[in-house]
Structures are given as C-alpha cells and as structure tokens.
2 protein chains.
Amino acid sequence: MEMLPQVRLGLDIKRAEQALMTAKSSAVRTADLTVAQYAALLALAQRPGISAAALARDCLVTPQAMTGVLKTLQTRGLIERTAHPWHQRVLETRLTEAGQHALTAADTEAVRIERRLADEFTAEEQDILRALLARCVQAIERDR
Amino acid sequence: MEMLPQVRLGLDIKRAEQALMTAKSSAVRTADLTVAQYAALLALAQRPGISAAALARDCLVTPQAMTGVLKTLQTRGLIERTAHPWHQRVLETRLTEAGQHALTAADTEAVRIERRLADEFTAEEQDILRALLARCVQAIERDR
DNA sequence: GCAGCTATATCAAGGCCTTTATTTATATTC
DNA sequence: GAATATAAATAAAGGCCTTGATATAGCTGC
C-alpha cells in the first residue's frame with residue numbers, strides 16, 4: 001500500500017457519515033420510516049408534485065432506486081402518484097395526509113440530531129466545515 | 001419543518017461521502033471489486049488471519065454483512081478461510097495471491113482519489129477538517 | 001413530417017446492509 | 001463442575017442501491 005489507511009481523509013468522512021446515518025436511522029425509525037423514505041418525503045414536502053426522476057436527483061440516488069422507495073411509500077399510503085395533466089410520461093407525486101404526519105414525526109426526531117450537530121459548532125466553524133467539505137467534493141470530482 | 005434542509009450540516013457530510021463513494025466505486029471497479037470488497041481486502045492486508053467478526057468491526061459493518069462479502073471473495077478465490085488452530089469457533093481469513101493482486105490494483109486507483117483529496121488541502125487544513133469531523137461524530141453520538 | 005436527442009418510468013440482476021434469531025464455542029464466576 | 005456471559009458464525013427477511021436494458025413521450029432541427 002502506498003498510503004496508510006489511517007491517514008486517508010476518506011476514512012474520516014466515512015466515519016462521520018456513518019455516525020450520522022446510524023443516528024438518523026434510529027431517529028426516523030420511531031416514525032416507522034427508513035432514512036431513504038424520510039429523505040424522499042422531505043424532498044416531496046419541499047417540492048410537491050415533483051417527478052420521480054427529479055426526486056431522485058434531489059436525493060442523490062438513481063431513478064431506479066427512487067422507484068423502489070416510492071413503491072413502498074405508495075403501498076403504505078404515504079404518497080399518491082397521479083398522471084401529469086398534459087405530460088403523459090410524467091407521474092406527479094404528492095404526500096398524503098398520512099405521509100405528512102409520518103414526515104412531521106420523523107423530522108422532529110431527525111432535527112434533534114441536526115440540532116446536536118449545529119450546537120457543537122460556532123457559526124464560523126460551521127462555515128469552515130461546509131467550505132472544507134465542498135472543497136472535498138470539488139477535488140474528488142475534478143478531472144474525473 | 002423546523003429547520004430548512006439546506007442549512008443542515010448532515011447534507012454537506014452526505015454529499016462529500018457520496019462523491020467519495022462514487023469516485024472510489026468506479027476506481028476499484030477497474031480491479032473488478034466493489035468498495036465493500038476492497039475495504040475488506042485492505043483491512044485483511046493490515047491484519048492477516050483476523051476473524052470475520054473483527055473484520056466487520058474494522059470495516060464498520062455488521063458481522064452478517066461481512067459474511068456476505070467474504071462469501072463472494074472466497075468464491076472468487078481472493079481469500080481463504082481456515083479453522084483457527086485451537087479456537088474451533090473462529091475461522092482465520094487471509095488474502096490469497098490473487099486477492100493480494102486485486103487489492104494492489106484497486107489500491108493504486110483508490111489512492112489516486114485520496115491523493116487528489118490530500119493535495120487539495122494544506123496540512124493545517126487537513127488537521128482542521130479531521131478535527132471538525134471528529135467533533136461531528138462526538139456530537140452525534142453524545143447522549144445517545 | 002421525421003430523425004434524433006433527451007427525459008421519464010420501469011424491469012431485472014447483482015450486491016450490500018440491517019434487524020432478528022439460532023447455534024455453538026470459549027471464558028468467567030460461583 | 002455447572003451456570004452464566006461473551007463472542008463467532010450464519011440463516012432469513014426486508015430494504016436500498018447500482019448497472020444495464022427497454023419502452024415511450026416530448027422536443028429540436030432539418
């Protein structure tokens with residue numbers, strides 16, 4: 001190996017993401033949701049009537065992955081999908097009443113995690129962290 | 001929602017991790033490995049003869065998840081598992097010649113990504129990022 | 001009008017991961 | 001020595017995600 005695993009920045013990023021996912025996962029489970037389902041509902045609340053493809057882009061997953069999540073959510077009555085009025089290829093997706101309730105319950109818990117994170121840092125530190133992470137993405141995606 | 005999704009630090013962390021995974025995934029695919037398989041082989045190279053349970057802890061996954069990965073790796077002849085000399089419950093896992101080769105090939109590519117990341121920052125910036133991420137983990141896991 | 005491009009939706013196969021539960025072996029404690 | 005605790009391995013079920021492929025709708029340019 002040309003580079004000791006311990007010095008690789010990727011590991012630190014992964015650890016943080018892992019801790020976050022574990023915590024969020026158990027947080028949203030109190031509303032009987034998975035993180036993927038919660039993310040989809042949250043994005044849907046922001047942009048009602050969005051297409052599954054656009055939703056997938058918002059959630060940073062493939063359209064195929066989103067199809068599966070939406071199928072589960074629809075079966076459980078948390079969303080409804082209706083044909084776009086004039087664009088026959090598109091299905092508009094919206095939260096149902098039950099979906100809104102589940103989202104609210106899950107978000108209350110999820111925000112608790114985000115709050116812990118926000119409270120850990122000063123505003124300046126948050127900006128620094130955000131900027132450094134943005135540069136990570138930039139560096140990783142450069143010259144791909 | 002009590003907190004706009006855009007201001008949640010979790011999103012920034014997730015984005016960085018996602019970019020990393022995407023890049024690493026395509027990097028190690030040149031050696032016909034997945035990131036999970038690469039991570040297992042890398043940990044195995046660091047600690048030859050380790051048990052599957054310990055390997056799982058190293059890779060931050062459950063023993064069940066690791067069992068699946070090891071099964072694939074063993075089928076493809078990249079690792080070998082032999083009974084522990086006196087501890088009958090434990091299987092020692094080791095890289096085969098082919099496994100070592102695959103790991104070397106994959107690591108060459110993976111290190112390229114880590115190199116881009118390391119080159120993006122000064123030593124001080126790396127330390128700051130590492131420290132901030134460590135505090136994220138700390139904050140998330142506090143009072144669980 | 002039509003070819004070609006782009007975007008949406010969805011199927012299928014291959015993997016990975018989690019939770020829950022079981023079996024078995026070693027270690028500890030009395 | 002026997003009961004208890006701890007740890008390893010593994011099975012099963014439920015989800016999520018990826019890549020690759022297919023079908024179709026709308027748009028663009030000729």
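Lettering follows sequence order; numbering is per chain, from 1. All values derive from a computational prediction rather than experimental measurement.
Residue contacts for B:Ala53: at a heavy-atom cut-off of 4.0 Å it reaches the sugar-phosphate backbone alone, with no base atom in range. Within 4.0 Å of B:Thr62, counting heavy atoms only, lies at least one base atom of the nucleic acid.
Side-chain proximity of B:Thr67 to D:dC17, C:dT10, D:dT10: nearest is D:dT10. With distances taken from any side-chain atom of B:Ala52 to the nucleotides D:dC17, D:dA9, C:dC17, the minimum falls on D:dA9. Side-chain proximity of A:Arg81 to C:dT10, D:dA8, D:dC17: nearest is C:dT10. For A:Val69, whose side chain is taken as the heavy atoms from C-beta onward, the closest listed nucleotide among D:dA9, D:dC16, C:dT10 is D:dC16. Residue A:Val61 has its side chain nearest to D:dT18 when only C:dT8, D:dT18, C:dT18 are considered. Side-chain atoms of B:Gln18 lie closest to D:dT18 of the nucleotides C:dT8, D:dA9, D:dT18.
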Assess whether salt bridge (charged side-chain N to carboxylate O under 4.0 Å, His left out) is satisfied between A:Asp12 and B:Arg135, documenting all intermediate values.
CA-CA 11 Å; A:Asp12 298 82; B:Arg135 280 172 66 193; over 6 Å; no
Checking salt bridge (charged side-chain N to carboxylate O under 4.0 Å, His left out) for the pair B:Glu114/B:Lys24: CA distance, chi angles, key distance, verdict?
CA-CA 9 Å; B:Glu114 288 287 345; B:Lys24 280 218 175 152; 3.1 Å; yes
Yes or no on salt bridge (charged side-chain N to carboxylate O under 4.0 Å, His left out) for B:Arg94 and B:Glu92, after CA distance, side-chain angles and deciding distance?
CA-CA 7 Å; B:Arg94 282 192 175 74; B:Glu92 287 188 339; 3.0 Å; yes
CA sep, side-chain torsions, deciding dist, call: B:Arg142, A:Glu120, salt bridge (charged side-chain N to carboxylate O under 4.0 Å, His left out)
CA-CA 11 Å; B:Arg142 180 159 47 223; A:Glu120 170 73 24; 2.5 Å; yes
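Computed from coordinates, the A:Lys71 NZ to D:dC17 P distance equals 14 Å when rounded to whole Å. Atom CE in B:Met66 sits roughly 11 Å away from atom C1' in C:dC16 (whole-Å rounding). Separating the CD1 atom of A:Ile79 from the P atom of C:dA9 is a distance of 12 Å, rounded to the nearest angstrom. The nearest whole Å value for the distance from the CG atom in A:Leu70 to the C1' atom in C:dC11 is 16 Å. The nearest whole Å value for the distance from the CD atom in B:Glu17 to the C1' atom in C:dC17 is 14 Å. In this entry the distance linking CE of A:Met21 with C1' of D:dC16 reads 10 Å, nearest Å. Spacing between atom CG of B:Leu55 and atom P of C:dC17 amounts to 11 Å, rounded to whole angstrom units. Between the CD atom of A:Glu92 and the C1' atom of C:dT8 there is a distance of 13 Å, rounded to whole Å.
For the atom pair B:Leu9 CG and A:Ile113 CD1, the distance stands at 13.0 Å (nearest 0.5 Å). Note: B:Leu20 CG to A:Ile140 CD1 = 4.5 Å, rounded to the nearest 0.5 Å. Note that the CE atom of B:Met66 and the CZ atom of B:Arg57 stand 11.0 Å from one another [nearest 0.5 Å].
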Would you tabulate the nitrogen or oxygen pairs shorter than 3.5 Å linking the protein to nucleotides 21-23 of chain D?
| residue | atom | partner | partner atom | Å |
| --- | --- | --- | --- | --- |
| D:dA23 | N3 | A:Arg89 | NH2 | 3.4 |

Kindly give the atom pairs (protein nitrogen or oxygen, nucleotide nitrogen or oxygen) under 3.5 Å for nucleotides 13-15 of chain D.
none

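You'll find the side chain of A:Leu33 reaches within 4.5 Å of the side chain of A:Leu78, heavy atoms only.
Contact between A:Ala98 and A:Gly77 at its shortest, heavy atoms only, is CB-O, 3.9 Å. In terms of heavy-atom proximity, B:Gln37 sits nearest to B:Asp32 at OE1-O, 4.1 Å.
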